[in-house]
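First the structure, in the form of structure tokens, and then the observations on it.
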Amino acid sequence: MAGLAVGCGGSDDDKDRSDGKRPGPTGADPAPRPDPSSTLPAALTTQKLDWGGCKASGSDPAPGDEWQCATLKVPLDYEKPDGETIGVALIRAKSTGKGDRIGSLLFNFGGPGGSGVSMLPSFADGYGKLRERYDLVSFDPRGVGASEGVRCRSDKDTQAAERTDLTPDTPAEERAYFKDAADFGAGCARSAKKLLPHVSTAEAARDMDVMRQVLGDAKLHYFGISYGTELGGTYAHLFPKKVGRLTLDAVVDPTAGGVGHAQNQARGFQRALDNYLKANGQDPKAGTKKIVDLLRRIDAKPLRTDTPGRKLSESLATTGITVTLYSKQTWPALTNALEEAEKGNGTALLELADAYNERDASGRYSTQAHSQRAISCRDGKERPTPEQAKASLDRFREISPLFGTFMGWDTAGWCHKWPVAGLHDSPEVSAPGADPVLVVGNTGDPATPYEGARKMADELGKGVGVHLTWKGEGHGAYGNGSDCVDGTINDYLLDGKVPDDNKVCES
């Protein structure tokens, strides 16, 4: 879905791509790979970071004095390691020293396009146990936020684009939809210029290995969430001997291409909606139909809101519904918003959509959605045509009556006429010889459905991927109320205790 999680996204001569062969579930690799870090100049791998106070990030105030920020230099193009460099913004909070320090624990919170520099301070209270023995570190990946961030259109143009129907019903709406998609890509090309071909996940993984070396760690200790699991899996593939304690939570299916990922998400969000409806005493099929009927009425006549000059469109309403399914704690907000919408007022759903789109009260938007599209369209080479997307709609609607149409059109619109080719059909994550990687799946996860965790564990390879299941709700497992999950992950990250493969946490 556009802007709601990992998108779809090459030229065959790119060196970062896989060889197109997928290893079997044993993780057997056709040939040893050279260590990609061996070609980097010492000026990069031994650079000294100038840690200092952190500035405000976007609409977020500067974090407290416990936080330090710095800029890491990395190659723009890893095929030219002695050439031009770009800056990657880092943030850290040093270990509290309540136990023997292990090293740095690097976080990526997802997207792609999420700013770790702004997100880590917001979430750090939940990582207090880990901070006893780790420096907590995060970063803005290349093309994101303070790291040469990509901006593809102005705030004014972003708001105007919200009037585009993302589930077009007529030829005119289809033309407008694909024109907007092409205009977005053209804007990215104008803004990012030479950076746009160099925002891939593989390049971000290589940046992480420069971080590892500069931070002084023999191996990388890492906590990846959502898209961060794809980034972590890619790192493990490129640097299997440098894998330390890696936790992957809310796992992206590494075997899925763009269309498969869209189908996974349609299935996951519909599953979460069904669970929400059941929890509210409603039949999922009847409850879904009621919401679909509401959206059809909104499509025909957008709802008034309390915000002057803005109405609630079907697309914004769908975004507002979707964002509440990321956490069980926001289900009551969905109930309230749907009740208001049934009465003809779209304010609550609009506010939810604005929260997801990171739009503040003054009409400013973050650039997260811009970076997300730039990264995912550089990664994935799958480019369905408008005709192919249209032909797939019945299948998408079978998967999800509510989200299917939105997701189906998005398979073609997301990277329509993208100015840079994609790199691969699906990410390569096999990591033969790596230390065990903990892969965590939540059975109720809407954005990264549970099935992806098992596939990630299998693709990492025998003896590498260790699968942990939580029977819960919401996007991700750690910190969501399960002592079993939190304890298992803490034991792994703090003491190196690897749980049994296929361990299940019931609560």
task: Search all heavy atoms of P254 against all heavy atoms of E459 and return the closest pair with its distance.
output: CG-CG, 4.0 Å
- request: Sequence neighbours left out, what pairs pass ring pair (Phe, Tyr, Trp, His ring centres under 6.0 Å) with at least one residue falling in residues 191-221?
  value: Y134-H221
message: Counting neighbours of NZ on K219 that are heavy atoms of other residues, nucleotides or ligands and sit closer than 6.0 Å, is the number greater than 12?
response: yes
- line: For E148, the side-chain contact (heavy atoms from CB on, under 4.5 Å) test, sequence neighbours excluded, returns I86, L195
- request: Check side-chain contact (heavy atoms from CB on, under 4.5 Å) between E358 and all other residues, then give those that pass, not counting sequence neighbours.
  value: S366, Q368
- request: Hey, could you give me each pair passing salt bridge (Lys or Arg N to Asp or Glu O under 4.0 Å) that has a residue in residues 45-55? Not counting sequence neighbours.
  value: none
query: Can you name the side-chain contact (heavy atoms from CB on, under 4.5 Å) partners of A205, sequence neighbours left out?
result: L231, T234, Y235, L238
message: Test of understanding: with side chain to side chain donor-acceptor pair (under 3.5 Å), list the residues that count as partners of D207, not counting sequence neighbours.
response: Y78, R142
message: Against V251, only a single residue in E230, R454, M456 fulfils side chain to side chain contact (heavy atoms under 4.5 Å, CB included); can you say which?
response: M456
Could you list the donor-acceptor pairs under 3.5 angstrom formed by side chains in residues 181-190, with sequence neighbours left out?
unit_1: D183; atom_1: OD2; unit_2: K179; atom_2: NZ; d: 2.8

field: Listed once per pair and sorted, the ring pair (Phe, Tyr, Trp, His ring centres under 6.0 Å) pairs that draw on residues 482-505, sequence neighbours left out
entry: none
Those residues that, when tested against D491, pass salt bridge (charged side-chain N to carboxylate O under 4.0 Å, His left out) (two or more places apart): none
query: What closest approach, in Å, do D180 and A161 show between heavy atoms, and which atom pair accounts for it?
result: OD1-CB, 3.5 Å
statement: Heavy-atom closest pair (G228 atom, Y222 atom, distance to 0.1 Å) is O-OH, 2.6 Å
task: In plain terms, say whether E162 and R359 are close enough for a salt bridge, that is, a side-chain N and a carboxylate O under 4.0 Å apart.
output: no
message: Set out, in order, the CA-CA distance, both residues' side-chain angles and the distance that settles side-chain contact (heavy atoms from CB on, under 4.5 Å) for R245 and D435, then state yes or no.
response: CA-CA 8 Å; R245 299 172 188 174; D435 286 347; over 6 Å; no
- request: Using the side-chain contact (heavy atoms from CB on, under 4.5 Å) rule, take F178 and K417 through it: C-alpha gap first, then chi angles, then the decisive distance, then the call.
  value: CA-CA 9 Å; F178 286 106; K417 293 188 177 179; over 6 Å; no
message: Quick one: does any side-chain atom of D249 pair with a main-chain N or O of I225 as donor and acceptor, under 3.5 Å?
response: no
task: I would like to know whether N490 and L130 meet side-chain contact (heavy atoms from CB on, under 4.5 Å); could you show each step before the answer?
output: CA-CA 7 Å; N490 287 342; L130 300 175; 3.4 Å; yes
For the student: nearest non-hydrogen atoms of V485 and C505, plus distance: N-SG, 3.6 Å
- prompt: Do F223 and F109 have their ring centres less than 6.0 Å from each other?
  reply: no
field: Candidates K94, R131, R92 - the one meeting salt bridge (Lys or Arg N to Asp or Glu O under 4.0 Å) with E66
entry: R131
Pairs of donor and acceptor atoms involving the side chains of residues 117-127, under 3.5 Å and at least two apart or interchain, shall be tabulated with distances.
unit_1: S118; atom_1: OG; unit_2: S115; atom_2: O; d: 3.2
unit_1: S118; atom_1: OG; unit_2: S115; atom_2: OG; d: 3.2
unit_1: S122; atom_1: OG; unit_2: S118; atom_2: O; d: 3.3

query: Can you name the nearest heavy-atom pair linking L72 to V214, along with the distance?
result: CD1-CG2, 3.8 Å
- prompt: Are the charged groups of K194 and E84 less than 4.0 angstrom apart, N to O?
  reply: yes
message: Check D458 with K455, please: is the shortest side-chain N to carboxylate O separation under 4.0 Å?
response: no
- request: Show your reasoning for whether side-chain contact (heavy atoms from CB on, under 4.5 Å) applies to E382 and T411.
  value: CA-CA 9 Å; E382 199 170 0; T411 60; over 6 Å; no
side-chain hydrogen bond (donor to acceptor under 3.5 Å, both in side chains) contacts in which one or both residues fall within residues 98-114, not counting sequence neighbours: R101-D135
Donor-acceptor side-chain pairing of Q159 and D155 below 3.5 angstrom: no
- request: Looking only at non-hydrogen atoms, find the nearest pair between G116 and D140 and report the distance.
  value: N-OD1, 3.2 Å
message: Could you work out, with side-chain contact (heavy atoms from CB on, under 4.5 Å) as the rule, every residue matching N264, not counting sequence neighbours?
response: D253, A256, R267, P449
